[in-house]
Amino acid sequence: MEKQWCVLFIGAICAVAFWAVGDEAPGNTPSPAPVYAFYVSPQGSDDWSGKLKDPDSAGTDGPVRTLVRARDLARQVPRDKSVMVYVRGGTYRLDSPLVFTEEDGGTDTAPVVWQNYPGETVVLTAGIDLGGWQESEGGILETSVPALPPADSPLQLFWNGQRLEPARWPNRGDGQLPGGWAIVAARDEQQPKTTFHYAGDRPKRWSTSKDIRVSIWPHYNWWHTIAPVAEINPETQSVRLGVETPYGIEPGRRFYFLNVPEELDDPGEWYLDRDRAVLRLKPVDSIDGVRVVLPVAESLIKLEKARHVAILGFVLEATVGDAVVVSDSESVLIGRCHIRNTGGAGVRITDGRQCVVSGCDIEDTGLAGISLDGGDRLTLTPGGHQAVNNLICRTGQIQRTYQAAVQGKGVAHRIAHNHIRDLPHIAILLNGSDHTVEYNDIGRVCQESADAGAFYMGRNWTERGVVLRCNRIHDVAGFGLTGEAEPGSWRYETPFQAWGVYLDDCTSGVLVQGNIIYRVPLCGVMIGGGRDNTVDNNIFYGCIPALHIDARWDSYCWDLMRERFNEVKADQPPYSERYPALKTILTEDPRRPARNRFTSNVIQYDRDDYRGLSFAGPGTAEAVVYDLVPFDPETCVFDRNLVRAPGEIRVLRQDYGKGDQQLVEWADWKKAGFDQESQSGDPMFVDAANDNFDLKSESPALKLGFEPIPSERIGLYRDVLRRSWPAPQDSEDDITAHKTWTVTPGPVDSAE
C-alpha cells in the first residue's frame, strides 16, 4: 500500500511539473494552466508578483528574490490548486531555515512542489563564502569572518566541497595508525571516564587548552566521541575532558587533539580564532578560484505538520546541523537533491507518515545520511517512511559511530535501492518492527570500527517482522584494537570483528532472504542470541563462516529485555497476534537461541586457514562453514544448502546448555540430522572473479530449489528523481586485505 502511494504521489508531482512547464510558451506571459507557478531569482524583487520567470522589459514585474516571499505567495493559492515554485539558478544563503507548516501544504491531487528551474543549478547554503585572504607567516592565510558558528557546533570548513581538518595533533598522515592517531599511555584510576594520560610533551607548546577538543575511541572499537578539553596538565601528562565518556578510557586506545592553534602546520588544516573573528588556513594549494565555505547556520529546510509538499532538485550544503528536517508531516517528498557537507544528518524525518527521500545524492554528513522515525510501536501502526534510490557515502564524518547511511526507527519503513559506500561504521541501523530493507548495494563500510555490521539491530525481542531481501553486501572489513601485543604495546588489525548482517543482542523474527554477501571475510550473518530468524536463499562468497549463532551470557541485560517486552505488552494483542512466538517467550527459556533456520543458501569460500569472526589472520585456525557456539539443536533447522570449500567442510558446534565445543566434519554433521538434503559442489557462478554471482542454468543449487536472485534490480535505477547517473565506480583497493599494526604510546614527537 505504501509503495503504491509513493508511485501515485510521485506521479502527481510529475504531472504538476509537466503543466507548470507549460509556462515555457513563447514570450514571458504566463499561459493558462491548472497549476499556479511562481518564480524566484537572484535578479528578482520581493515587490514583484513572482509570476514571470524573468524581469519584464520595463523592470516593473518579474520573479521574487527570496524563498520566503515565494512561500508567502504560494500560501495565498486555494488548497485545491497545485502550486509549482521554480527557483532560478544561483546561490541562496539562508541565515535561518525555510519553514513550511500546515498552511504551506497541498493535497494528494494538488501538491505543492518546489524545484530548481530546469537545467539550472540552485544552491541553498547555510555557510558563508570566505574571501579577502591575506598571507601571514609560514604560508598561512587569514581572513575576517563576518558571522561565527555557535561555539559548541562541529568544527567544519570546506575547500571546494572537501572537508578540511581543524588544526590537529598528530596530523592525519602521522602517528602509527592510518588516519593519524596518538595512543593513550595510561588509565586514570580516579576518573577513568574523564581523564587519561598521554606520552611525550607535545602539549607544552600550547598556550592554552581553551576550545581544544579530543577525538577519541575511549574503550571499545564500537564507540567514538569528540569531547571538549577541560584541562591539560603537562606536568602529569594528563587530559581532563569536559564530559564523561560512556566507558572508561583505557591504555592503547586511539585519540588526537583538534582545534589547537599552534598545530596549524599541515596543508588543509585551519583554525578559527573566535575572539578576533579571524580564520587562519594552511591552504591545500593555490587559493585562486577556490570556494572556501564556513557553515554558520543550523538547517536549511524545515517542514512541520506539512502535507503533500515536494522539494526537488536543490543542492543543500554547509549546515551546522541537519540539512532537512521533516517533523510530524505527511506525504512529503525530498527528491533529486544533492545534500552535502553537513554537521548533522542529511535528512531527518520524525513522526508523521509516508514521507519519502528519493533519488538524492547525500555525501559527507557529520551524522547520519537519512534518519526515518515514525509509526506507533504500541499499536504497530505503520509510519511508512521511505529512503529509496539514493546514493549515500561518507556519513558519520564527525561522530564516527552509530551514524549510518540510513537509520530507521518505529514501524514499517522501507529502505530500498540505495547505493551506500565508504562509511566508518554501520550502513543501515534499525530499531522497531516490520521494516523492509531491499535491493540496496552496500560496500566498503565498517572501515574504522569493529563489533559492527553492514546491517545492524539489537537488544529487543519485540522488534520483529523485519525483512532483508535482495541486497548486495560486500567489502566489509572492520578495524580496531585486538589486544596487547606485549606489555606496553598493543595490536590493531583489519579485518576485525565486522560482519555482513549483524542481528545482535537477541534480535529475533528477522527474515534474511535473497541477499548476495561477498568479500565479508569474517562472517556473513551473525545471530547474537536471537531466535526465530530465517536465513534463506542467500549467496555467501568468501565468508568464513557463513553463519554464526550464539547465546547471551548470564550477566547480559535480561532485565532491560523484559522491561522492553513489558513496555509494549508483547504477550497481548496486537503483538501476540502479529508475532505469535511472543506469547510464550517468557514462559520458555528466553535465553535459548531457538528456531533459527538456515536453508537453501549457496556458500563458497576459498581459504581453509582461518576461522573468521574476530580476525582473518592466515594460519590461525581451520575454516568452518557454521560457527554455532552455542545453538539449539532441537529447534534450529539447516537444509538444502550447497557448499563449496577448499578442503574438508567443518562445523564448529556447541549445543545450548552444554560446555564443550566440537569441530565436526560435514559427514558427521549430516549424521546428526542436519543438512540432510544439502550438498557439496560447485555453485557454477557466471563470473565470480568479476563479482557476478548469477548462477548458470546447470548449477546444482537450482536443483536444490534455490530461487535465482534478481541481481539486475539491485542498487540505483534511473528515473525522473535520480540526481546523478550512473553510480560511481568503486576504488580497486582491497580493504579486506589482512593488516596488523603494533603501537606504543609514543612519543610521536616531542616539544624540542
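Everything quoted here is computed from the prediction, not taken from an experiment.
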Salt bridge flag under 4.0 Å for residues [X] and [Y]:
{"X": "R552", "Y": "D554", "answer": "no"}
{"X": "K282", "Y": "E269", "answer": "no"}
{"X": "D364", "Y": "R340", "answer": "no"}
{"X": "R394", "Y": "D422", "answer": "no"}

Would you confirm whether the ring centroid of [Y] sits within less than 6.0 angstrom of the ring centroid of [X]?
{"X": "Y502", "Y": "Y456", "result": "yes"}
{"X": "F565", "Y": "W558", "result": "no"}
{"X": "Y605", "Y": "F540", "result": "no"}

(Q) Counting only heavy atoms not in D660 (residues, nucleotides, ligands), do more than 12 fall under 6.0 Å from its CG? (A) no
Q | Exceeds 12 heavy-atom contacts within 6.0 angstrom, atom CG of D733 | A | yes
[Y] side chain reached by [X] side chain, heavy atoms, under 4.5 Å:
{"X": "Y656", "Y": "R591", "answer": "yes"}
{"X": "L157", "Y": "L130", "answer": "yes"}
{"X": "V466", "Y": "M457", "answer": "yes"}
{"X": "L613", "Y": "I544", "answer": "no"}
{"X": "P495", "Y": "H738", "answer": "yes"}
{"X": "W217", "Y": "Y247", "answer": "no"}
{"X": "L294", "Y": "P149", "answer": "yes"}
{"X": "I249", "Y": "K193", "answer": "no"}

I need the [X] [atom1] to [Y] [atom2] distance, nearest 0.5 Å.
{"X": "M561", "Y": "W461", "atom1": "CE", "atom2": "CH2", "answer": "4.5 Å"}
{"X": "R254", "Y": "L481", "atom1": "CZ", "atom2": "CG", "answer": "8.0 Å"}
{"X": "T143", "Y": "L281", "atom1": "OG1", "atom2": "CG", "answer": "10.0 Å"}
{"X": "S136", "Y": "L141", "atom1": "OG", "atom2": "CG", "answer": "8.5 Å"}
{"X": "D451", "Y": "Y220", "atom1": "CG", "atom2": "OH", "answer": "10.0 Å"}
{"X": "D211", "Y": "N259", "atom1": "CG", "atom2": "CG", "answer": "6.0 Å"}

So, does [X] use its side chain to make a donor-acceptor pair with the main chain of [Y] at under 3.5 Å?
{"X": "R213", "Y": "I226", "result": "no"}
{"X": "E463", "Y": "G432", "result": "yes"}
{"X": "D174", "Y": "G180", "result": "no"}
{"X": "W223", "Y": "P246", "result": "no"}
{"X": "N233", "Y": "T236", "result": "yes"}
{"X": "T225", "Y": "A227", "result": "no"}
{"X": "S489", "Y": "V743", "result": "no"}
{"X": "S508", "Y": "R531", "result": "yes"}
{"X": "E142", "Y": "W133", "result": "no"}
{"X": "T319", "Y": "G321", "result": "yes"}

Heavy-atom pair of closest approach, residues [X] and [Y]:
{"X": "A551", "Y": "P630", "answer": "N-CD, 3.5 Å"}
{"X": "L279", "Y": "W270", "answer": "CD1-CE3, 3.9 Å"}
{"X": "A498", "Y": "C446", "answer": "CB-CB, 4.0 Å"}
{"X": "G346", "Y": "T365", "answer": "N-CG2, 3.9 Å"}

Q: Please state whether the rings of W169 and W206 are parallel, tilted or perpendicular, taking 30° and 60° as the class boundaries.
A: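 Taking W206 first and then W169, their aromatic rings stand perpendicular (interplane angle over 60°).
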**Q.** For K658, all residues meeting side chain to side chain donor-acceptor pair (under 3.5 Å), sequence neighbours excluded
**A.**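 Result, side chain to side chain donor-acceptor pair (under 3.5 Å) vs K658: none returned.
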Q. Residues in side chain to side chain donor-acceptor pair (under 3.5 Å) with R564, at least two apart?
A.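 In terms of side chain to side chain donor-acceptor pair (under 3.5 Å), with neighbours along the sequence ignored, R564 is linked to no residue.
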Answer yes if the side chains of [X] and [Y] hold a donor-acceptor pair under 3.5 Å, and no otherwise.
{"X": "Q190", "Y": "T195", "answer": "no"}
{"X": "Y492", "Y": "W181", "answer": "no"}
{"X": "R240", "Y": "Q191", "answer": "no"}

Q.
Do R168 and Y256 form a cation-pi contact, if we require the NZ or CZ to be under 6.0 Å from the six-membered ring centre and within 45 degrees of the ring's axis?
A. yes
**Q.** Test applied, side chain to side chain contact (heavy atoms under 4.5 Å, CB included); reference residue, S449; option that passes from H425, H224, Q497
**A.** H425
Q | side chain to side chain donor-acceptor pair (under 3.5 Å) between R163 and Q397, worked out | A | CA-CA 9 Å; R163 187 181 292 269; Q397 295 302 290; 5.4 Å; no
Q: Verify ring-ring contact (aromatic ring centres under 6.0 Å, His included) between F255 and Y198, making sure each step is shown before the conclusion.
A: CA-CA 10 Å; F255 76 97; Y198 59 86; 7.4 Å; no
